[in-house]
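Beneath this line is the structure, given in structure tokens, with notes to follow.
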Amino acid sequence: SLVTRHSSLVTRHSSLVTFPPVLFRFGSAIALVVLVSLLGTSLEKRNLELRRATSAQRFRIEALRKTHASLRARTQQLGAPARLLDDLLAERIPVRVSEQPPRKEPGVPPLLRWER
């Protein structure tokens, strides 16, 4: 009776094309492996892009630090009071005299001159 049941099931479903469950599992496993490898490749690509950007930023920061240090040293050299005083005394820096006459009023800001 078991053989007749099995043969009736086969004849009943023979018109449908069905894949054995093993092939479905194998196809699913292959698809999963391909998906994981594509995801891994895209993550590695993104990681490489970020490393390149970080490296470029570090290079720019180092260049800016060097420029900042040299400009700061140059500013200190040019603005040093002893150097300015030496240059003034040696008359290497021209001294300009103001063309405006000195004020006759004491230095009172205009907002504080109230009329009574």
Side-chain angles (χ1 to χ4, degrees):
S1 99
L2 185 61
V3 173
T4 55
R5 273 191 189 166
H6 185 270
S7 63
S8 66
L9 288 174
V10 170
T11 56
R12 205 179 316 160
H13 295 293
S14 64
S15 63
L16 296 174
V17 177
T18 58
F19 292 106
V22 174
L23 286 179
F24 178 74
R25 288 181 192 150
F26 180 72
S28 299
I30 293 294
L32 186 62
V33 166
V34 169
L35 183 66
V36 167
S37 69
L38 289 175
L39 182 64
T41 303
S42 67
L43 286 175
E44 286 179 15
K45 183 179 176 184
R46 178 72 177 145
N47 191 16
L48 184 61
E49 289 173 359
L50 291 175
R51 283 185 182 180
R52 284 182 186 156
T54 304
S55 176
Q57 287 177 357
R58 284 183 184 149
F59 177 75
R60 287 186 206 129
I61 285 173
E62 190 61 34
L64 287 173
R65 282 184 182 156
K66 286 180 182 178
T67 304
H68 180 264
S70 66
L71 289 175
R72 187 177 185 113
R74 181 75 176 142
T75 302
Q76 288 176 357
Q77 287 175 355
L78 293 176
R83 182 182 172 107
L84 285 176
L85 187 59
D86 291 341
D87 288 344
L88 280 174
L89 293 175
E91 295 181 358
R92 283 180 269 181
I93 298 176
V95 178
R96 286 187 274 167
V97 180
S98 176
E99 296 177 8
Q100 296 178 353
R103 288 189 195 177
K104 294 181 181 175
E105 296 180 13
V108 179
L111 293 176
L112 297 178
R113 285 190 234 155
W114 293 338
E115 302 283 330
R116 287 189 186 173

Just list the side-chain donor-acceptor pairs under 3.5 Å for residues 57-65, sequence neighbours left out, or say none.
none

Of the options Arg46, Arg51, Arg52, which is the one that meets Glu49 in a salt bridge (charged side-chain N to carboxylate O under 4.0 Å, His left out)? Arg46
Rounded distance (nearest 0.5 Å) linking atom CZ of Arg74 with atom CG of Leu71: 10.0 Å
Can you tell me how far the OG atom of Ser37 sits from the CG atom of Leu32, to the nearest 0.5 Å? 10.0 Å
Donor-acceptor pair, Ser28 side chain versus Phe24 backbone, under 3.5 Å? yes
Which other residues end up in the same hydrophobic cluster as Leu39, if Ile, Leu, Val, Met, Phe, Trp and Tyr are linked when side-chain heavy atoms come under 4.5 Å apart? Leu43
